[in-house]
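These notes are about the structure you will find just below.
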Amino acid sequence: EKGGYEHFMAKEIMEQPEAFRKTVFPRIKEGRVVLDDLCFDAGYLKNLDKLYIIACGSSYHVGMAAKYNLEKLLRKPVEVALASEFRYCDPIVTEKTLALVISQSGETIDTLAAMREAKRLGARVLSVVNVVGSTIARESDDVIYTWAGPEIAVATTKAYSTQLAVTYLIGLYFADLMGTIEKKEYDAIISELLLIPTKLESILERRQAIQYYASIYFNHPSIFFIGRNIDYAIGMEGSLKLKEISYIHSEAYAAGELKHGTISLIEPGTLVVALASYQPLFEKLMSNVVEVKSRGADVLGLATDAKGAEMAKTVDHTITVPDTHPMLLPSLDVVPLQLFAYYVALQRGCDIDKPRNLAKSVTVE
Ligand code: M6R
């Protein structure tokens, strides 16, 4: 059942190109995003006061990445809320609010309760769900399924990737309806989107390098992930993946925030995973890398092919991913981080598919 892999997590990481294809390709027809089940109109979308993304854990991290992209595409405010906080913060939701609810299982109780509250306050609910017929899917006004297939490992990988993919589709679909995207840009994103599965395959083929880095760093007591903009959102996911299955203390930081506190924790032997794939902020990120290096940190860098050689001059080791449209970077960047978490946990002899204290679907508050 594990398809020859030692763990479901490894199998599910390797299934990502296919899961991405299944989720995205049938929804692109003649160069356009077609979401047959949805019927949003331009007037409704233009009238929105905001989009409120509601989710937990990794699904929340998808929301964090989606916020950058959706705001860029739609020029509407996007708020991202942890479902467990949403109900208790007197959220500002009106009939002009669209709630985007993201959940693999469709049964996470915090997310479900937050969704019901958003509905009660008048929001229309669009959910992104993997499990067909789950409670969240049934109670939403609209649902877009991720076609990741069953995900068994507690640590999500292919569900996260397909959720991200669906947020791109939603962004393009809405931007097209609202007229907030130029045709050239739209076409450029679509053609890059179609290349993602092949690029994912090339990253997976190079997984031995990541296994090697894991063998160097698996005993580090503390690991920081730093990034700016969309790289910061990816860092959050990389950090959660690592701590969830390897039990190493880890934090994700917006790189520019380091000097407001966290840099005091950097000392010789701390590992910093520096995410520098977002090219407009590459130089800025590199200046943060210099800061942590000068305090003795080991730095594992992640950049796109275009910037890999430049990054390698400053960091200890560099992982590269193929270049793509900046909005799609999370899809590529997350894979080396999933692999890193997996191989670190493997080295440490952890129970990878069933980490201690965790359940696949959290149905208690
Ligand atoms: O099923 P959901 O997407 O609603 O689950 C949300 C979180 O519990 C989930 O993403 C969790 O954080 C994962 N175990 C992380 O790998």
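Just follow the structure's listing: the first ligand is 1, and inside any ligand the first atom is 1. One-based numbering along the sequence shown. Every value quoted in this text rests on a predicted model; they were computed, and no experiment measured them.
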Subject >> Residue and atom name of the nearest protein heavy atom (relative to atom 5 (O) of ligand 1), distance in Å to one decimal >> reply: T108 OG1, 3.5 Å
Subject >> With E185 via side chain to side chain donor-acceptor pair (under 3.5 Å) - residues at least two apart >> reply: H325
**OP:** List the closest protein heavy-atom neighbour of atom 8 (O) of ligand 1: residue, atom name, distance to the nearest 0.1 Å.
**Re:** V362 CG2, 4.2 Å
Original post:
So, is T156 polar-close to ligand 1, with some N/O to N/O distance under 3.5 Å?
Top reply: yes
Original post:
Considering only heavy atoms, does E244 approach ligand 1 within less than 4.0 Å through its side chain, its backbone, both, or neither?
Top reply: side chain
Original post:
Between K241 and ligand 1, which part of the residue brings a heavy atom under 4.0 Å of the ligand: side chain, backbone, both or neither?
Top reply: side chain
Subject >> Criterion salt bridge (charged side-chain N to carboxylate O under 4.0 Å, His left out) on K158 and E15, from CA distance to verdict >> reply: CA-CA 7 Å; K158 61 176 180 170; E15 283 172 351; 2.8 Å; yes
Original post:
With a 3.5 Å cut-off and no angle check, do the side chains of N130 and Q163 form a donor-acceptor pair?
Top reply: no
**OP:** Determine the interplanar angle of the Y168 and F20 rings, folded into 0 to 90°, and report it as parallel if under 30°, tilted if 30 to 60°, perpendicular if over 60°.
**Re:** tilted
Subject >> S239 OG to F225 CZ distance, which is reported to the nearest 0.5 Å >> reply: 5.5 Å
Original post:
Should the ring pair H317 and Y217 be called parallel, tilted or perpendicular, given that the plane angle runs from 0 to 90° and is split at 30 and 60?
Top reply: perpendicular
Original post:
Heavy atoms only: which of S105, A55, S59 is nearest to atom 1 (O) of ligand 1?
Top reply: S105
Subject >> For atom 15 (C) of ligand 1, closest protein heavy-atom neighbour >> reply: S58 OG, 3.1 Å
**OP:** Give a yes or no on whether a salt bridge exists between D316 and K293, defined as a side-chain N under 4.0 angstrom from a carboxylate O.
**Re:** yes
Subject >> Contacting atoms of ligand 1, where contact means under 4.0 angstrom from a heavy atom of V154 >> reply: 13 (C), 14 (N), 16 (O)
Subject >> Ligand-side contact atoms (ligand 1) for residue partner A155, heavy atom cut-off under 4.0 Å >> reply: 16 (O)
Original post:
Of all the non-hydrogen atoms in the protein, which one sits nearest to atom 6 (C) of ligand 1, and at what distance?
Top reply: C56 O, 3.4 Å
